[in-house]
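To start, the structure under review is shown below, and the notes come after it.
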Amino acid sequence: MLYNRKSSKKKHTGIALISTLAIMVIMVMIMVSMTFILTNSSFMTGRYIDNNVAMQVAEAGVAYAMSQVNYNPDWCGDLDDEDGSGNKYAKVNLPEVGGTFYITFNPSKDYCSYNNLRKAIDSARSVKPYGKIPPYTAEVIVKGEANNKVKYIRAVMVRGDFMDSNVSAEGPYFIKNATGYDDIGISDDTKGMICSNSSENPSVKIPTVIPVDLHGGKVVTCGIAEVENFEPNTLEILNNSSKQEFGKIPVSKIVNQRPRRTEVITEINPGKYSVARTENTDGTYSYAMKYNGSSYDCSEWAEFDEEGNLIIKKSLYINENGTTPLTIEFEYSNKIYELTGIRDCDGEMEVRPLLVKVLGISPAYGRGGETLGQTDGGGFSTPTARPNIPTPTPRPITPTPRSHTPTPRSHTPTPDPNGDPYGLISRTPTINHTLPTATPEPGGTGVPPTATPMGASSDVAPKIIFDVRGGTYRTIYSNADLDLRGRVNGIGAIVTTGKTSIIGDKASLMLLSGKDVVLHVDPYNNFESSGLIYSDDDIYVIETESRHAGLPPAIANFYDPNTSIDMSLVKEGDWIFGGNIVAHNGNSNDINPYNPSDRSCAYFDIPKKRIAFGRYINYINMDVIEGYEFPVKLVSWQEIK
């Protein structure tokens, strides 16, 4: 058969066209797919970038809020809320990154923020994300926006001066003498705790003779604790623990950035300020001050009451002058017997004169007790409501003669209209050396004791009183060492970059020191105080022979804790502190000058006293320091939407 070339050509005509069309279809499909992929990728990239920018903007809002609360701890936004609610908000545009962050403090809006840094109670959020904001905490929710993409971050901030235990020590914590140790914790939600960051053995040492009750709490230490006298089921000892973070207070910053209004703060020089008492021909007394042995007019910042106590009526600043300390001492012992707390059988705290306690006289023959209130459940008294006090009339500045004969007082105490609107400064009658024979009161028991001469062994130092008239609190700011040889009393603060030495008394005192704190405890009185004892160095609480506390050192060695004390006159009592002790010295080579055999940075030596810690209230009292700006730290943050 002959091959038909013409027919074969006709059969293959159009294959090239089909192939071309197929290739073109495939290319179009690839191009469409690539276009879709590129478009979608660009969209996804844009979304990723926008979300990332929104997150970065929200993080910037957290940093902004941190800077604001550290500048002003009460910060709650910069602007008035746009809906006229009276609440504040913050809104900041960041054009360089193309985003905006927003923070609202309107409690009716979702994702609102709360600043509880100064509040002792919870705040409840009734909108998204709901929940409670704990006391002394700020919870800031930041909304970050970028091209309609939104991110929410919740940041939790706390006070940088926070202490979660009544005792916190970087170094060892030793107790040499006491009759007991009781700590009910810093709040109703916590238990007692002792914290030490010392890795030594022992790092916490409480002798066997001292029973310890932390009410189900624990001892936490980086070393080994020696605590033996406790109920095994009520105390947990965590040895070799990780280091704890203790609150840090910027003492130098507080002193150097103190309020500079001259009508508020008076500057005085360091040196020795002595209070002298002169007996007049008619048996009355006049008081005056000397500075470094010469006559000195202190009327600008201080005055005297009828009992010879020194009242500090202005906030003070003491500048550094080499190594010269500021010393305030008294050239007399004024025979004032402090009202002393005595716990009755019902657990209530009653106030009776020390003289009654020392001589063992039935309370019926002493001045009537003043009930401070019911206990708070932990054995500590809670103040009762006091009547409103009328506006006091200022005392005369120039000392005037006072009658030496005590005026009889009613058994029912009355408010003092001349200097104590808060009811914290005890006022007691002057008592002669010889107690007159008492007559039994109706209902009394036994025969009244014969008058007993009182020797110097029960004399106590005069008071250095922080005046609270007018609701204004006094603060002593100092760049020099302070040595206050009087019983510090009232509401106020001492902030010094140097060493601080005082005699403790009834007070609500913030004591912040850059160097050692030495708190002398009067052996004839109970110690009842609140606030904070803070040191960047060591803290020593020692019992001092207070009958010499007001005398010049040439007569008595005020700083010798081994001074002989007639223990027959000293009654067992309480050292009650409603606050915190924080010692930041972790130098293991720093020897305790009051017990050279140890290197403790927090130390107690108070025989016949029971150490007891009450409720945590120092945040409230820190506000007595005018201009105090506590640090704020960020503890956590999370994306919530």
Side-chain angles (χ1 to χ4, degrees), residues 70 73 118 159-163 168 246-262 264-270 273 301-302 310 312-321 324-328 464-468 472-486 488-505 507-519 529-541 577 579-585 617-632:
N70 271 294
R118 290 195 192 273
R159 293 179 61 146
D161 56 354
F162 176 75
M163 296 87 184
S168 304
F246 302 147
K248 190 74 173 177
I249 298 178
V251 176
S252 296
K253 179 181 177 182
I254 296 172
V255 174
N256 294 329
Q257 295 186 1
R258 64 197 176 278
R260 300 182 182 277
R261 299 192 302 274
T262 56
V264 173
I265 297 183
T266 300
E267 183 171 345
I268 63 175
N269 295 320
Y273 294 82
W301 56 274
L310 180 68
I312 297 177
K313 61 181 183 178
K314 290 283 189 68
S315 290
L316 301 177
Y317 170 66
I318 300 96
N319 200 3
E320 184 179 9
N321 183 11
T324 304
L326 178 133
T327 302
I328 297 179
I464 298 175
I465 300 173
F466 283 81
D467 188 8
V468 294
T472 302
Y473 305 116
R474 318 300 171 185
T475 300
I476 298 178
Y477 304 90
S478 177
N479 278 312
D481 292 349
L482 294 182
D483 185 2
L484 306 183
R485 302 182 184 184
V488 177
N489 191 288
I491 305 176
I494 296 173
V495 189
T496 174
T497 58
K499 179 180 177 180
T500 307
S501 177
I502 70 170
I503 303 176
D505 198 60
S508 182
L509 183 69
M510 295 292 105
L511 178 52
L512 314 179
S513 186
K515 296 181 181 178
D516 288 354
V517 169
V518 183
L519 179 64
S529 187
S530 61
L532 174 67
I533 302 175
Y534 174 95
S535 173
D536 284 329
D537 208 331
D538 302 316
I539 296 175
Y540 304 106
V541 182
F577 192 63
N580 306 94
I581 290 181
V582 184
H584 268 277
N585 184 16
I617 59 175
N618 71 338
Y619 281 158
I620 299 172
N621 291 335
M622 288 296 277
D623 292 339
V624 308
I625 304 175
E626 186 175 358
Y628 174 62
E629 298 173 358
F630 52 80
V632 179

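Along the sequence shown, the residues carry numbers beginning at 1.
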(message) Before you tell me yes or no, could you show the steps for I476 and L326 under side-chain contact (heavy atoms from CB on, under 4.5 Å), namely the whole-Å CA-CA distance, both residues' side-chain angles and the distance that decides it to 0.1 Å?
(response) CA-CA 11 Å; I476 298 178; L326 178 133; over 6 Å; no
(request) Just do the side-chain contact (heavy atoms from CB on, under 4.5 Å) check on I502 and L509 with the steps written out, would you? (result) CA-CA 11 Å; I502 70 170; L509 183 69; 3.9 Å; yes
(message) For a side-chain contact (heavy atoms from CB on, under 4.5 Å) check, start with the C-alpha distance between I533 and F577, then their side-chain angles and the critical distance, and finish with the verdict.
(response) CA-CA 10 Å; I533 302 175; F577 192 63; 3.7 Å; yes
(request) Go through the steps for T496 and S513 under the test side-chain hydrogen bond (donor to acceptor under 3.5 Å, both in side chains), then give the verdict. (result) CA-CA 5 Å; T496 174; S513 186; 5.4 Å; no
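Closest heavy-atom contact between K515 and T497: CG-O, 3.7 Å. Here the shortest heavy-atom pairing between I254 and I625 reads CG2-CG2, 4.1 Å. F630 and P73 make their closest contact through CZ-CB, 3.1 Å (heavy atoms, listed as atom of the first residue, atom of the second, distance). Y473 approaches S315 most closely through the heavy-atom pair O-OG, 3.9 Å. Shortest non-hydrogen contact noted between N319 and A480 is O-CB, 4.0 Å. Nearest heavy-atom pair, E320 versus N479, reported as atom, atom and distance to 0.1 Å: CB-O, 3.4 Å.
Side-chain contact between T327 and R485 is present, with heavy atoms from C-beta onward closer than 4.5 Å. Looking at P325 and P270, their side chains never come closer than 4.5 Å, going by heavy atoms from C-beta outward. Looking only at side-chain heavy atoms (C-beta outward), L310 and Y273 stay at 4.5 Å or farther from each other. Y317 is listed as a side-chain neighbour of V255, based on a closest heavy-atom distance under 4.5 Å. Contact of the N269 side chain with the N321 side chain is not registered, since no non-hydrogen atoms from C-beta on lie closer than 4.5 Å. V488 is not listed as a side-chain neighbour of D505, based on a closest heavy-atom distance of 4.5 Å or more. The shortest distance between side-chain heavy atoms of N580 and F246 does not fall below 4.5 Å. Looking only at side-chain heavy atoms (C-beta outward), Y534 and K248 come within less than 4.5 Å of each other.
A distance-only check finds a donor-acceptor pair linking the side chain of H584 to the backbone of G247 [under 3.5 Å]. Between the side chain of D538 and the main chain of D516, no donor-acceptor pair closer than 3.5 Å is present. No donor-acceptor pair under 3.5 Å is formed between the side chain of D481 and the backbone N or O of G498.
Considering OG1 of T266 and NZ of K313, their distance stands at 9.0 Å, rounded to 0.5 Å. If you take CD1 on I491 and OG on S530, they are separated by 8.0 Å, rounding to the nearest 0.5 Å. The OG1 atom of T500 sits 8.0 Å away from atom CG of L484, with the distance rounded to the nearest 0.5 Å. Considering CD1 of I464 and CD1 of I494, their distance stands at 8.0 Å, rounded to 0.5 Å.
Scanning for side-chain contact (heavy atoms from CB on, under 4.5 Å) contacts around S535 gives V517, D537, I539, with sequence neighbours left out.
Salt-bridge annotation for K314 and D467: absent, with no side-chain N of the basic residue lying under 4.0 Å from a carboxylate O of the acidic one.
Judged by the 6.0 Å distance and 45° axis criteria, R258 is not positioned over the aromatic ring of Y477.
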